[in-house]
Amino acid sequence: MSAGNSPIVWNELMEIIIQPTADAATDIAARIIARLLRGKPDAVLGLATGSTPLRLYRKLIAMDLDWSRVTTFNLDEYIGLPREHPQSYHSFMWENLFRHINIAADHIHIPDGNAADIPDFCACYEQQIANVGGIDLQVLGIGTDGHIGFNEPTSSLASRTRIKTLTGQTRLDNARFFGSERDVPHHVITMGIGTIMEARQNLLLAFGPNKARAIAEAVEGPITSINPASILQMHPVVKVCLDEPAASDLQRADYYRWVYAHKPDWQAY
Ligand code: GLP
């Protein structure tokens, strides 16, 4: 049997894709998602917010894909921020993706940061993910401290969707969106690390020099809750799309570049 027809998905467990620019790295991520949606029109996508995936969403919109049967689950949301607040992740997703595509509104899931009973909401969110058969592909950014979703350092590596308290660093990092650090909420709902690890594929994007240390620790460091993204080393299908500055602390960057440059055609994106 040729490798191309094999039912076994051949993969680098964690594949590091280093591109000269964020735009080139995002092109690859967009192609991976487009291929999934064309091959599985009722795919379930896990989506992320922050500045990192903005370019990805613009590219996906421009690709004119059919989203009519796609279901989405967002990673996280601030607690207590009105839905209509410009910095709510609800507003972010509608503004930057959903209003531009033909997705069905009832296929969109974003944690409700104003739910009356947050633990109950979190349990239902997990149940909703299970009800649609799990997430096919989860898009991830990374915090400067290695957080994924809003799973801050020392989050349980087995955690599920729940309430989290943001660290001072994350509130400082996100203050640029709010105008002042004082206005950044302290509490959030986030999918857990255990939830993220159950996605069938993870696609992590990181750009810029301020992500270099978190990426080096996540990819080449020990698996530790101090850098929550490091657990992805245990995930069977992870692609890490980086620009050169985000890759600049990787000890084995040349090896990753070589591997990527010599992929067989049937593995190319
Ligand atoms: C927030 C989000 C994360 C995101 C991170 C990085 O904390 N909850 O999902 O990955 O910010 O944001 P940015 O992409 O703006 O650097």
Side-chain angles (χ1 to χ4, degrees), residues 46-54 73-82 85-93 110-115 118-119 121-122 125-126 138-197 202 204-235 238 240 242 245-246 248-249:
L47 297 176
T49 53
S51 52
T52 304
L54 276 174
F73 286 89
N74 262 80
L75 281 169
D76 46 15
E77 177 61 288
Y78 293 106
I79 289 182
L81 216 53
H85 189 287
Q87 295 310 325
S88 78
Y89 286 167
H90 189 274
S91 297
F92 176 100
M93 289 309 302
I110 304 173
D112 180 359
N114 294 293
I118 300 240
F121 175 85
C122 293
Y125 204 68
E126 289 278 339
Q138 176 67 57
V139 177
L140 294 171
I142 188 170
T144 56
D145 57 6
H147 73 244
I148 47 177
F150 266 136
N151 293 283
E152 296 283 30
T154 72
S155 287
S156 161
L157 297 178
S159 52
R160 313 301 307 191
T161 302
R162 71 207 182 291
I163 186 169
K164 277 297 289 181
T165 305
L166 296 183
T167 61
Q169 181 63 54
T170 297
R171 292 185 62 250
L172 192 63
D173 286 346
N174 288 358
R176 68 189 194 280
F177 300 116
F178 285 83
S180 105
E181 192 186 334
R182 210 186 43 232
D183 297 329
V184 183
H186 283 269
H187 294 107
V188 295
I189 295 175
T190 182
M191 274 188 207
I193 298 176
T195 322
I196 292 168
M197 287 295 284
N202 272 289
L204 172 62
L205 287 80
F207 310 130
N210 62 335
K211 299 294 172 70
R213 189 176 56 88
I215 284 294
E217 287 173 2
V219 171
E220 296 178 333
I223 295 172
T224 166
S225 65
I226 294 294
N227 181 313
S230 63
I231 190 63
L232 294 170
Q233 294 175 36
M234 296 287 289
H235 192 279
V238 186
V240 182
L242 306 172
S248 58
D249 281 357

| Between the side chains of R162 and T195, does any donor sit under 3.5 Å from an acceptor? |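 Per modelled atom types, R162 and T195 side chains form no pair under 3.5 Å.
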Return all side-chain donor-acceptor pairs below 3.5 angstrom for residues 141-149, not counting sequence neighbours, or 'none' if the list is empty.
residue	atom	partner	partner atom	Å
T144	OG1	D173	OD2	2.6
D145	OD1	H147	N	3.1
D145	OD1	H147	ND1	2.8
D145	OD2	T170	OG1	3.4
H147	ND1	E152	OE1	3.1
H147	ND1	T170	OG1	3.3

Distance-minimising heavy-atom pair for [X] and [Y]:
X    : Y    : answer
F177 : S51  : CZ-N, 4.2 Å
E220 : D249 : OE1-O, 4.3 Å
D183 : F178 : O-CD2, 3.5 Å
S88  : P82  : CB-O, 3.6 Å
F121 : D112 : CZ-N, 3.2 Å

Side-chain ([X]) to main-chain ([Y]) donor-acceptor, under 3.5 angstrom:
X    : Y    : result
S225 : L157 : no
S91  : H85  : yes
N74  : P111 : no
Q233 : G221 : yes

| Audit row: T165, H187, side-chain contact (heavy atoms from CB on, under 4.5 Å) steps and yes/no | CA-CA 5 Å; T165 305; H187 294 107; 3.3 Å; yes
| Of all residues at least two apart in sequence or in a different chain, which pass the ring pair (Phe, Tyr, Trp, His ring centres under 6.0 Å) check with F73? |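 Only H109, Y125 meet the ring pair (Phe, Tyr, Trp, His ring centres under 6.0 Å) criterion with F73.
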| task | Quick one: list whatever passes ring pair (Phe, Tyr, Trp, His ring centres under 6.0 Å) with F207, sequence neighbours left out. | result |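 F207 satisfies ring pair (Phe, Tyr, Trp, His ring centres under 6.0 Å) with no other residue.
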| request: To the nearest 0.5 angstrom, please state how far the OG atom of S156 sits from the CD1 atom of I231. | output: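 S156 OG to I231 CD1: 9.5 Å, rounded to 0.5 Å.
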| field | Nearest-0.5 Å distance that lies between atom CZ in F150 and atom OG1 in T167 | value |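 Taking CZ in F150 and OG1 in T167, the distance rounds to 9.5 Å.
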| said: Walk me through whether I193 and M197 qualify under side-chain contact (heavy atoms from CB on, under 4.5 Å). | reply: CA-CA 6 Å; I193 298 176; M197 287 295 284; 4.3 Å; yes
| query | When L232 is tested against each of V238, V240, V219, I223 for side chain to side chain contact (heavy atoms under 4.5 Å, CB included), which residue passes? | reply |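 By the side chain to side chain contact (heavy atoms under 4.5 Å, CB included) criterion, L232 pairs with just one of V238, V240, V219, I223: V238.
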| field | Check against side-chain contact (heavy atoms from CB on, under 4.5 Å), C122 and I189 | value | CA-CA 8 Å; C122 293; I189 295 175; 3.8 Å; yes
| Considering residues, nucleotides and ligands other than R171, do more than 12 of their heavy atoms fall under 6.0 Å from its CZ? |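 More than 12 within 6.0 Å, yes.
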| field | Test side-chain contact (heavy atoms from CB on, under 4.5 Å) applied to Y89 and L75, step by step | value | CA-CA 9 Å; Y89 286 167; L75 281 169; over 6 Å; no
